[in-house]
Every structure is written in C-alpha cells, then in structure tokens.
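Residue indices begin at 1 and follow the sequence shown. Since the structure is predicted, the reported quantities are computational estimates derived from the model, not experimental observations.
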Amino acid sequence: MYIDGEIAKIDPRQRSVRAIRGAVDTATKTIVDSIVGEMRPFFTIPNRELLFKRIEANVLTLEQLNEVGDAYVGELGYVASRDPEGEICRPFCVLHKLGLLGTVRLEFGNQVRWRQCFLQPTEIQIKNDTELPLSEHYLVHPALDQTIYEKSSGKFTRGYDTRNIIGNGLEALYRCFR
C-alpha cells in the first residue's frame, strides 16, 4: 500500500514509466530502511555499504555468499574479531532472517515445482541461529536491487539473472539458475 501511495502522488499526466519506477524505488528504500531500523535492536544489522559493494548477482550459491561474507568480515577487521561466531560474521544469515535473502525450495504436490521463498514480516523470529537454510541458490530480494546496484558501482548487473522474476512464492525456473 505504501508503494501505491507513492505512485498516487504522481500527477496522472506525469505518470511515465520513469516516474513510476522512481516512486517504486523511493518507496522500496523507505520500506527496507524501516525494516532494518525496527529490527536493529534484535539483530546485528550488516554494514550495507561494505556488504552491498561486493554483491555482483541477484542469484548466488552458498559458495558465492561465503566468498562475499569472508571479504566483508575481513574488511570489518577488529569489529568482527570480537564476535567471530555471532551474526556480525554472518551477514547473509541476518538478511535471510529479515526476509531480504530468499531460498529456492522444492514443492511437492501434483507437480514438482521449485518455489522461491522469502521470510515474511510475520515469520521473522528473533533467535540466535547463525546458519542459513540449505538451498542450492540464494535470492537477493528485489527491494535491494537498486541499493546494491548503487553500492556496487554497477557491478551488480554483471551476474543479474533476468530469466527469473524474483519474488516470494513465485515459481523458480530452477534450470535457469545453473
């Protein structure tokens, strides 16, 4: 609804694709900042400037997450060394807990399908679990796309998966992630 409100603020005569995109981006950043702000007392929120500049794709393997995470922790240096087993050294675990990093899960039923899964705000649990759920691929929430693009100096587009629309509950064209 917040995004709809931002779009509604645009004069109907001025509602171009660019204007709508700008309103969506602005609203999305506000929503993400709100989630991060509200959850800060409960989680060790990653330094988004340092972390996001290293992310070069919206679909990542666990190995890629670990490489980015290790470089991030290395840059944090002393700060990270004070709590090597805590959330500060596992930024992607925190992003997953906040619903900003998703997984791909096999859905059984009449047809076997791969589904994208992001924790929803009502599913956020405040616990000290420092491990990500197992998944062959991890998905960066689209709400972070613009910010990561800006922080990564445009490198984010190098590995950007355009074959899948990323979103909670959407079917994953799993073969395309390979």
Side-chain angles (χ1 to χ4, degrees), residues 1-60 64-65 68-69 72 87-88 90-105 107 114-127 132-133 135 137-173 176-177:
M1 294 183 89
Y2 184 76
I3 294 173
D4 293 344
E6 290 300 306
I7 294 171
K9 291 178 186 177
I10 303 169
D11 183 320
R13 295 175 298 240
Q14 305 297 319
R15 284 192 191 146
S16 65
V17 170
R18 181 174 287 204
I20 292 171
R21 181 43 130 183
V24 170
D25 287 345
T26 299
T28 301
K29 284 181 183 181
T30 301
I31 292 167
V32 169
D33 288 344
S34 176
I35 290 169
V36 167
E38 289 178 22
M39 293 294 120
R40 190 171 298 281
F42 307 106
F43 298 107
T44 304
I45 304 297
N47 178 320
R48 292 181 282 173
E49 185 80 30
L50 296 180
L51 181 63
F52 289 177
K53 75 180 183 181
R54 292 178 166 74
I55 299 174
E56 295 185 7
N58 60 341
V59 177
L60 300 153
Q64 290 169 314
L65 288 181
V68 171
Y72 166 77
E87 288 178 336
I88 198 165
R90 292 173 180 76
F92 291 107
C93 185
V94 174
L95 291 181
H96 176 264
K97 290 177 186 179
L98 296 177
L100 298 172
L101 184 73
T103 58
V104 178
R105 294 187 190 152
E107 178 184 85
W114 293 97
R115 289 271 174 218
Q116 302 174 42
C117 302
F118 289 84
L119 289 179
Q120 299 300 291
T122 58
E123 298 173 309
I124 294 174
Q125 295 181 4
I126 301 168
K127 58 182 180 177
L132 285 168
S135 181
H137 293 95
Y138 296 87
L139 313 171
V140 174
H141 196 286
L144 299 178
D145 285 355
Q146 184 67 33
T147 303
I148 293 174
Y149 173 76
E150 292 166 1
K151 303 290 184 202
S152 72
S153 302
K155 292 184 289 185
F156 184 57
T157 58
R158 290 181 187 167
Y160 197 84
D161 187 307
T162 57
R163 297 165 291 191
N164 290 279
I165 297 172
I166 295 180
N168 188 50
L170 296 179
E171 187 169 353
L173 303 175
C176 292
F177 286 143

Test item: N168 side-chain N/O and F118 main-chain N/O as donor-acceptor pair under 3.5 Å: yes
Exceeds 12 heavy-atom contacts within 6.0 angstrom, atom OH of Y149: no
Under 3.5 Å: donor-acceptor pair, side chain of Q64, backbone of I55: no
Polar side-chain atom of E56 near backbone of G159 as donor-acceptor pair, under 3.5 Å: no
Minimal non-hydrogen separation, P91 against L51, with atom names: CB-CD2, 3.7 Å
Side-chain heavy atoms of F42 within contact of R40, under 4.5 Å: no
Side-chain heavy-atom pair I166, N58 within 4.5 angstrom cut-off: yes
Audit row: L101, L65, side chain to side chain contact (heavy atoms under 4.5 Å, CB included) steps and yes/no: CA-CA 11 Å; L101 184 73; L65 288 181; 4.1 Å; yes
Expected output: side-chain S34 to main-chain T30 donor-acceptor under 3.5 Å: no
Closest contact, heavy atoms only, K151 versus F52: CB-CB, 3.7 Å
Backbone of G169 reached by a side-chain donor or acceptor of R115 within 3.5 Å: yes
Check: V104 main-chain N/O paired with S135 side-chain donor or acceptor under 3.5 Å: yes
Exercise: identify the closest heavy-atom pair between I7 and R15: O-NE, 3.5 Å
Presence of salt bridge, K29 and D25, under 4.0 angstrom: no
Where H96 and P133 come nearest, the two heavy atoms and their spacing: NE2-CG, 3.4 Å
Where G99 and H141 come nearest, the two heavy atoms and their spacing: O-CD2, 3.4 Å
Side-chain donor/acceptor of Q146 to backbone N/O of L144, under 3.5 Å: no
Distance-minimising heavy-atom pair for A23 and I10: CB-CD1, 3.8 Å
Side chain proximity check, V59 to Y138, heavy atoms < 4.5 angstrom: no
CD on Q116 to OG1 on T103, rounded to 0.5 Å: 9.5 Å
